[in-house]
Amino acid sequence: MASLDRIKVLVLGDSGVGKSSLVHLLCQNQVLGNPSWTVGCSVDVRVHDYKEGTPEEKTFYIELWDVGGSIGSASSVISTRAVFYNSVNGIILVHDLTNKKSSQNLYRWSLEALNKDSSPTGVIVSNGDYDREQFAENPVPLLLIGTKFDQIPDNKRNDVLTRTAFLSEDFNAEEINLDCTNPRYLAAGTSNAVKLSRFFDKVIEKRYFTRDPSQMTGFTDRKRFNFKSLHYD
Amino acid sequence: MSFLVDSVIMVTSQVLFFGFGWLFFMRQLFKDYEVRQYVVQVVFSVTFAFSCTMFELIIFEILGALSSSSRYFHWKLNLYVILLVLIFVVPFYIGYFVVSNIRLLQRQRLLFACMVWFTFMYFFWKLGDPFPILSPKHGILSIEQLISRVGVIGVTLMALLSGFGAVNCPYTYMSYFLRNVTVSDILALERRLLQTMDMIVSKKKRIAMTRRQMYQRGEDQNKQTGFWGMIKSVTSTQTSSENLALIQQEVDALEELSRQLFLETVDLQATKERIEYSKTFQGKYFNFLGYFFSIYCVWKIFMATINIVFDRVGKTDPVTRGIEITVNYLGIQFDVKFWSQHISFILVGIIIVTSIRGLLITLTKVQFSSTHQLISFTFP
């Protein structure tokens with residue numbers, strides 16, 4: 001398999017939110033029976049039918065890289081983790097619906113993964129430093145997934161859903177709320193499944209079908225824009 | 001009247017310590033989590049506040065501050081509260097939360113928590129058997145029983161922690177133990193890690209492809225029903241499922257390898273950072289302290305061995321002996337008794353403060369390094 005043929009999607013999020021269970025559910029269509037702590041990175045492959053149901057249907061293998069660890073890890077762990085962020089085609093941000101802090105840490109996670117190239121020291125770890133415009137023109141498609149949906153008490157459900165709606169606006173991404181121990185949420189035909197396959201289609205399109213030069217200069221312009229905003233701080 | 005003033009001082013300091021413990025819990029220990037059961041935070045802060053108050057009372061005792069009767073009263077009060085919390089409240093809540101997370105025992109949580117607590121009390125009581133605690137002066141159901149057992153556990157823990165800290169501290173700070181790590185070493189290891197990940201990915205793609213083919217073929221196979229159909233389907237899919245099992249085994253081995261490589265890379269990065277740190281001023285200072293400290297530790301171990309082997313009881317502590325020697329050597333007029341008490345007191349204070357700080361830092365490290373899941377499970 002040529003290296004140009006690879007589609008890499010990162011799965012990021014705090015420790016214990018359910019990334020490994022989610023990846024297992026997405027790739028094996030089964031619930032993970034014995035979740036254990038992820039050391040380093042675990043990869044799994046999802047078989048995705050691009051443009052399913054149309055005559056242009058084609059099968060792609062999407063690699064889901066589940067990177068373990070917390071945002072407050074030692075700097076040695078953070079610099080080692082950066083090795084997995086090369087040539088990323090899509091990012092799935094996972095947060096725990098029962099834990100507000102895991103959603104707040106998602107800003108830092110996305111900065112860590114996206115700013116790996118532009119910052120000389122490697123990682124920008126600061127809380128309110130994200131730039132909304134950066135996410136609007138972001139070439140990397142994002143998807144927001146909230147886990148442990150079944151563990152929210154009914155009276156708090158509306159507050160949680162409003163909060164995640166704000167989050168998905170900030171990231172300019174679609175959001176899915178589910179429970180990783182129940183495959184019903186991603187059953188074929190549900191709106192969640194539709195959003196998921198739309199996300200993967202977008203990743204594949206960005207990867208293979210948008211290579212015109214105007215898009216490339218847009219990317220380098222964004223990099224220069226990042227530098228300017230860094231200098232103003 | 002002085003009793004009232006003293007009580008006000010004590011209560012104020014207790015409230016301050018409580019606040020500090022609360023903040024520490026929120027900001028440091030639970031930085032990345034949401035606290036849902038405030039009981040735990042309250043118990044932590046209460047324990048911390050009362051422990052610090054006891055330490056404060058000892059300082060007041062040495063300094064001679066506050067009147068002796070109010071000190072005695074507060075000491076007894078603190079002692080009772082701490083014993084209550086340590087022996088009744090904390091084990092019961094630990095048992096309760098552990099039981100709440102086991103699905104089977106969810107129904108009768110309280111009952112099982114009480115059972116856990118009684119088991120704890122049984123072992124706690126058994127702890128005092130090898131020690132001469134029971135004496136006609138005290139009787140069996142007195143506070144001395146509890147304090148002596150808590151003391152036994154506490155002293156053992158402190159000795160273990162100090163021993164561990166004494167060996168770990170020079171190892172962490174001294175640059176003698178640092179391997180030489182270059183950037184190319186780290187890059188080579190990272191390349192190996194990425195290669196391993198690539199191999200895992202290609203094998204998983206093969207598994208996914210084979211499984212998909214099996215699934216699609218399986219649809220056709222399922223049309224054959226009956227006895228012969230079953231036999232035929234077994235023999236025809238035999239080879240592909242055997243293949244799958246083989247590839248799966250290889251994938252498991254590769255995943256284990258990738259984990260090892262990742263941990264090695266993290267280790268190398270940490271060593272590189274330590275090397276950079278040791279070149280700074282702070283690093284050099286700590287390096288020097290590390291040498292000094294390690295010599296002190298070795299000397300202490302040597303003296304302890306001699307004491308045990310020759311069955312000697314140390315008469316004077318090192319500080320007093322050190323001052324005596326200095327005084328005799330330099331011929332300076334020195335009130336040894338007065339100053340040695342204060343210097344010992346200051347040293348003891350430093351040791352206690354650094355061990356509290358070390359304990360709190362170890363608490364946060366333990367939490368980060370291995371119990372993320374455990375803590376997120378503790379809050380149902």
Side-chain angles (χ1 to χ4, degrees), chain A residues 1 3 5-8 14-18 20 27-29 35-49 59-65 67-84 86-87 96 98-105 108 148 151 153, chain B residues 28 30-36 186-187 189-194 196-209 211-212 215 251 254-274 364-365 367-377 379-380:
Chain A
M1 246 169 252
S3 59
D5 261 357
R6 299 178 61 170
I7 307 172
K8 179 166 153 184
D14 271 356
S15 222
V17 295
S20 305
C27 299
Q28 322 274 0
N29 289 319
S36 68
W37 204 41
T38 316
V39 177
C41 174
S42 91
V43 193
D44 214 341
V45 169
R46 177 178 163 98
V47 178
H48 179 71
D49 294 316
T59 311
F60 283 95
Y61 294 103
I62 303 188
E63 305 164 23
L64 293 172
W65 289 56
V67 176
S70 79
I71 198 69
S73 298
S75 58
S76 51
V77 178
I78 295 185
S79 9
T80 316
R81 246 194 340 235
V83 123
F84 299 125
N86 287 323
S87 64
D96 185 351
T98 56
N99 182 357
K100 231 186 294 184
K101 298 235 177 96
S102 65
S103 347
Q104 288 165 1
N105 283 338
R108 295 162 73 181
K148 306 192 189 167
Q151 287 179 28
Chain B
Q28 287 283 97
F30 270 71
K31 208 161 41 151
D32 293 327
Y33 300 99
E34 214 174 74
V35 184
R36 261 166 275 150
I186 297 183
L187 281 180
L189 211 60
E190 283 179 357
R191 215 178 317 131
R192 267 184 71 190
L193 178 62
L194 283 179
T196 317
M197 301 303 294
D198 291 343
M199 291 202 303
I200 296 177
V201 165
S202 61
K203 287 204 194 303
K204 286 215 164 160
K205 282 185 184 166
R206 270 180 64 189
I207 294 179
M209 188 166 63
R211 218 188 261 141
R212 197 168 222 221
Y215 180 69
V251 164
L254 280 176
E255 281 185 334
E256 187 58 44
L257 177 65
S258 78
R259 262 175 249 140
Q260 295 297 330
L261 284 175
F262 180 79
L263 290 175
E264 261 187 57
T265 319
V266 169
D267 210 22
L268 281 190
Q269 286 269 12
T271 316
K272 186 165 88 105
E273 281 168 16
R274 269 178 60 194
T364 39
K365 263 201 211 148
Q367 193 238 352
F368 275 147
S369 67
S370 64
T371 56
H372 269 291
Q373 261 187 342
L374 192 63
I375 291 183
S376 60
F377 283 157
F379 294 91

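Just so we're on the same page: letters track the sequence lines, and every chain starts at 1.
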Smallest separation among heavy atoms of A:Thr80 and B:Gln269, with atom names: OG1-CG, 3.6 Å
With a 4.5 angstrom heavy-atom cut-off, could you sort out which part of A:Ser75 is near chain B: side chain, backbone, both or neither? both
A quick test of your reading: do over 12 heavy atoms of other residues, nucleotides or ligands sit less than 6.0 Å from CZ of B:Arg259? yes
Between B:Ile207 and chain A, which part of the residue has a heavy atom less than 4.5 Å away: side chain, backbone, both or neither? neither
Region of A:Asp44 in contact with chain B, defined by heavy-atom distances below 4.5 Å: both
Side chain from CB out, backbone as N, CA, C, O: work out which of these in A:Cys41 comes under 4.5 Å of a heavy atom of chain B, or both, or neither. both
Please confirm whether the backbone N or O of A:Trp65 pairs with a side-chain atom of A:Lys8, one donor and one acceptor, at under 3.5 Å? no
Quick one: of B:Asp198, B:Leu189, B:Ile200, who has the most non-hydrogen atom pairs under 4.5 Å with chain A? B:Asp198
Between A:Glu63 and B:Lys205, does a salt bridge (charged side-chain N to carboxylate O under 4.0 Å, His left out) hold up when you go through it step by step? CA-CA 9 Å; A:Glu63 305 164 23; B:Lys205 282 185 184 166; 3.3 Å; yes
Is it the case that more than 12 heavy atoms not belonging to B:Arg191 sit under 6.0 Å from its CZ atom? no
Among the listed options A:Thr59, A:Val77, A:Val45, A:Asp96, the residue most often paired with chain B at heavy-atom distances under 4.5 Å: A:Val45
